[in-house]
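Only one structure is covered here, and it is reproduced in the block below.
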Amino acid sequence: MTAPQRQTRFRVEGMDCASCAAKIDTAVRRIPAVTDVSVSVVAGTMTMTHGPEVDLDGVARKLGSLGYKAAPLTRTVEKVSAGNASSGHVHGPDCRHEGHDHSHDHGHVHDGGIGHGDPHHSRGSVAPASGAFHGMHGHDHGPTDGPWWSTSKARLTIVCGVALAVAFGLSQLLPQTQPWGFIIAMAVGLIPIARRALFGALNGSPFTIETLMTVAAVGAVIIDAAEEAAVVVFLFLVGELLEGIATGRARASIRALATLMPKTALLEVDGSTQTVAAESLAVDSVVLIRPGDRVPADGVVLSGESAVDEAPVTGESVPRRKEAGDSVFAGTVNHEGVLRVRVTAAAADNTIARIIALVEEAQESKAPTERFIDRFSKYYTPGVMVVAALVAILPPLLAGAEWNTWIYRGLAVLLIGCPCALVISTPAAIAAGLSAGARRGLLMKGGAVLENLGKVDLVAFDKTGTLTEGRPKVTDIVGVKRDERETLRLAAALEAGSSHPLAVAILARAKADDVAVAAASEAGAVGGKGVVGTLDGVKLFLASPRAAAERVPLDEALSGRIASLNDEGKTVSVLLAGDEIAGLIAMRDEPREDAKAGIAALRDLGADAVMLTGDNIRTARAIAASLGMEARAELMPEDKQKIVGEMREAGKFVAKVGDGINDAPALAAADIGIAMGSGTDVALETADAAVLHGRVKDVANMVALSRATMRNIVQNIVMSLGLKAVFLVTTVLGVTGLWPAILADTGATVLVTANAMRLLGWRGIRDG
């Protein structure tokens with residue numbers, strides 16, 4: 001029985017920490033007919049799965065009551081099964097490849113970016129929801145909000161700081177103003193905090209940092225520590241402001257990709273060009289790209305030659321030559337000649353839009369460590385409140401200690417126990433890791449994938465199109481009765497005009513060697529044997545060795561040479577000119593330029609590599625030997641799946657790398673499925689991760705990035721818990737008080753966030 005479900009994606013402004021996300025998640029889940037909620041702090045979004053009766057304006061008002069501005073980005077109405085209604089992410093870490101129609105099955109919201117989105121929905125800022133209490137939460141510092149100092153949070157912090165300074169000044173000049181000056185200064189910052197605590201409690205989140213802060217500040221005033229209460233509130237606001245700035249930086253780091261897109265394009269219309277908005281380009285439009293212009297859309301070159309700088313998208317430092325038939329990506333820069341390009345993807349579906357949308361969706365998918373810490377913090381925060389109460393009550397009751405002293409220390413323990421730094425330790429690092437990977441063309445569908453990649457100790461590669469270029473190249477030309485150049489010229493004459501992969505390889509070699517090609521007459525194919533034609537009155541026949549031997553005997557030396565080339569995994573064609581053997585041409589699908597270095601990089605990381613291919617055993621072994629790896633050949637898709645399963649049963653953590661189509665069963669069987677491709681729908685939507693730019697070394701980069709991220713998370717957890725442990729002891733002993741406690745917590749939060757942000761500068765495994 002299927003139930004109609006909707007997924008609505010909101011842009012939420014004002015989130016800057018995991019505590020914010022938890023409050024939103026808890027509040028929205030309490031709404032009847034809401035079956036799942038997923039919140040991303042870094043993306044600034046919330047995705048809600050719900051029934052059709054849910055009032056979206058009511059949801060926005062509820063978020064407004066918590067202090068956040070919210071409005072729907074896009075809404076998709078689709079059928080999902082009742083059992084899957086709370087599945088969350090279509091592209092989450094557990095999403096596999098067989099039996100999933102990713103376009104329609106799960107009610108996935110594409111936010112205008114994954115092949116089916118609505119191009120009319122803006123990716124930028126959204127209008128505030130009606131009824132939202134603008135500025136109450138004060139975390140408005142996202143990339144769409146202007147400079148951080150113009151945000152309401154910054155203004156509140158500045159006003160609170162000025163009030164505190166005035167209170168200090170008055171306490172020196174007019175001592176009789178004590179403690180009221182400090183109480184007023186504290187109230188300036190505490191009232192918004194207390195309102196957030198109240199609305200959080202009403203919406204199912206009673207144990208928030210705002211609650212701890214409110215109790216501690218009010219308690220401090222009651223025990224005549226108003227001065228420290230005011231300092232504590234001010235430091236808390238400073239900490240939140242710094243946290244918000246760091247989160248805004250992470251948010252902007254991935255959205256900066258959007259700035260690569262040009263605003264306008266030169267569209268060809270009836271033989272003339274006109275300037276149009278780049279986002280208005282439709283599939284099959286033809287655009288003109290001049291030297292110096294950014295490519296306005298993904299497309300295929302129709303005419304022209306140029307060098308295109310793909311560094312903004314792929315990280316490649318050397319511009320790549322483009323000619324008719326080559327693909328170009330949106331956001332890259334044309335250097336030399338004019339290119340005519342046919343658009344193959346609308347603005348909402350281009351490579352950059354997909355990267356942005358996929359990363360935002362991945363950031364909404366919580367990693368295992370993050371889920372554990374979230375569960376831990378649910379018990380940790382109430383536990384801290386109980387411990388603080390015991391510290392405040394037990395010594396006076398049991399030992400007759402002074403009430404004021406121990407209530408003060410209990411309040412300090414309350415502040416020290418704030419889990420803010422601990423809770424943000426994982427999502428901040430995961431978000432930074434996902435963003436850093438995306439900027440290098442490494443897409444991982446969620447935090448779980450990013451975490452698990454570091455465990456990989458065996459990588460199973462497909463051969464064709466993964467380890468190799470996927471198209472044959474001429475590797476050897478052997479002159480027999482004619483020299484090498486003449487052999488190539490005659491073979492190219494036979495293949496002129498053909499689009500067969502072997503013909504394309506021969507013609508490409510002729511062009512590279514600057515060999516002039518004149519098309520042979522009477523050219524044609526001989527079924528299953530080769531091609532024939534006539535050039536300069538000489539009958540030519542380019543055929544397999546067996547077919548050639550039927551016409552002209554091959555001597556022992558020549559047969560030996562052919563066998564030797566075959567042993568290297570090369571396909572050999574024999575060229576006959578009349579009744580004599582002109583020469584041999586050998587071809588092979590060559591390994592990618594970085595394949596050997598990529599396999600070596602994996603080995604350096606402690607991960608073995610194996611080739612699983614359907615190709616013949618001789619070719620597979622030759623390619624594998626050149627790369628320094630083992631080969632399993634002549635496999636059907638189900639064989640690959642079985643082998644991957646056997647590897648896992650043997651205790652290996654297996655990543656399978658393939659093209660995302662014929663390797664689907666093996667990708668599904670692996671612990672991690674990685675698709676190689678240049679931004680195709682299949683590469684982006686089927687596997688757990690995708691290497692957009694076809695570099696074998698990027699598989700090793702994924703593993704290295706995962707391990708760097710996990711190290712960062714461990715560092716963050718140690719820092720946050722370590723500082724708490726130190727100050728907890730010093731506070732109970734009476735060495736430190738309220739404001740050092742909040743300073744320690746704020747410092748821990750800033751340290752953890754700053755440490756996570758270091759991952760944004762990750763550049764991958766260094767060459768050499």
Side-chain angles (χ1 to χ4, degrees), residues 19 164 168 171 178-179 182-183 185-186 189-190 193 207-240 242-243 373 376-377 379-425 714-753 755:
S19 174
L164 183 60
F168 269 114
S171 69
Q178 290 248 52
F182 290 110
I183 291 175
M186 179 201 71
L190 188 63
I193 295 170
F207 301 112
T208 62
I209 174 58
E210 289 84 5
T211 302
L212 301 184
M213 182 57 53
T214 303
V215 171
V218 172
V221 171
I222 292 172
I223 62 171
D224 294 327
E227 181 177 339
E228 289 186 87
V231 173
V232 162
V233 170
F234 174 66
L235 289 174
F236 175 75
L237 293 177
V238 170
E240 283 202 326
L242 293 174
E243 186 179 294
I373 288 178
F376 175 73
S377 66
Y379 301 101
Y380 172 86
T381 306
V384 165
M385 297 187 79
V386 170
V387 169
L390 294 176
V391 168
I393 295 169
L394 289 182
L397 284 179
L398 300 179
E402 187 180 337
W403 279 99
N404 267 17
T405 299
W406 285 96
I407 289 174
Y408 178 91
R409 291 179 184 178
L411 294 174
V413 168
L414 199 66
L415 294 175
I416 291 167
C418 163
C420 209
L422 178 64
V423 172
I424 203 172
S425 61
V714 171
Q715 292 163 2
N716 288 346
I717 292 172
V718 169
M719 276 193 289
S720 58
L721 291 179
L723 275 171
K724 287 183 190 306
V726 169
F727 277 87
L728 183 64
V729 172
T730 57
T731 299
V732 172
L733 294 176
V735 177
T736 53
L738 275 178
W739 72 263
I742 192 65
L743 188 62
D745 180 71
T746 299
T749 302
V750 172
L751 278 175
V752 161
T753 307
N755 189 46

If you compare all heavy atoms of Met186 against all heavy atoms of Val221, which two are closest, and at what distance to 0.1 Å?
SD-CG2, 3.6 Å
Can you check whether Leu190 reaches Val218 side chain to side chain, under 4.5 Å on heavy atoms?
yes
With a 3.5 Å cut-off and sequence neighbours excluded, list the donor-acceptor pairs that the side chains of residues 725-735 form with protein atoms.
unit_1	atom_1	unit_2	atom_2	d
Thr730	OG1	Val726	O	3.3
Thr730	OG1	Phe727	O	3.1
Thr730	OG1	Thr736	OG1	2.9
Thr731	OG1	Phe727	O	2.6
Thr731	OG1	Thr736	OG1	3.0

Take Val386 and Leu390 through the side chain to side chain contact (heavy atoms under 4.5 Å, CB included) test and state the conclusion after the steps.
CA-CA 6 Å; Val386 170; Leu390 294 176; 4.1 Å; yes
Ile407 CD1 to Ile222 CD1 distance, which is reported to the nearest 0.5 Å
8.5 Å
Find the distance between CH2 (Trp403) and CG (Leu397) and round it off to the nearest 0.5 Å.
4.0 Å
Mind listing the closest non-hydrogen atom pair of Glu227 and Phe168 along with its distance?
OE2-CE2, 3.2 Å
Might you point out which heavy atoms bring Gly189 and Leu237 nearest each other, and give the distance in Å?
CA-CD1, 3.8 Å
In terms of heavy-atom contacts, Pro179 and Ala226 come closest through CB-CB, 3.9 Å
How far apart are the closest heavy atoms of Leu411 and Gly219, and which atoms are they?
CD1-C, 3.4 Å
Ala230 and Ala185 have their tightest heavy-atom pair at CB-CB, 4.5 Å
Only residue of Thr214, Leu164, Ile193 satisfying side chain to side chain contact (heavy atoms under 4.5 Å, CB included) with Val233 is Ile193
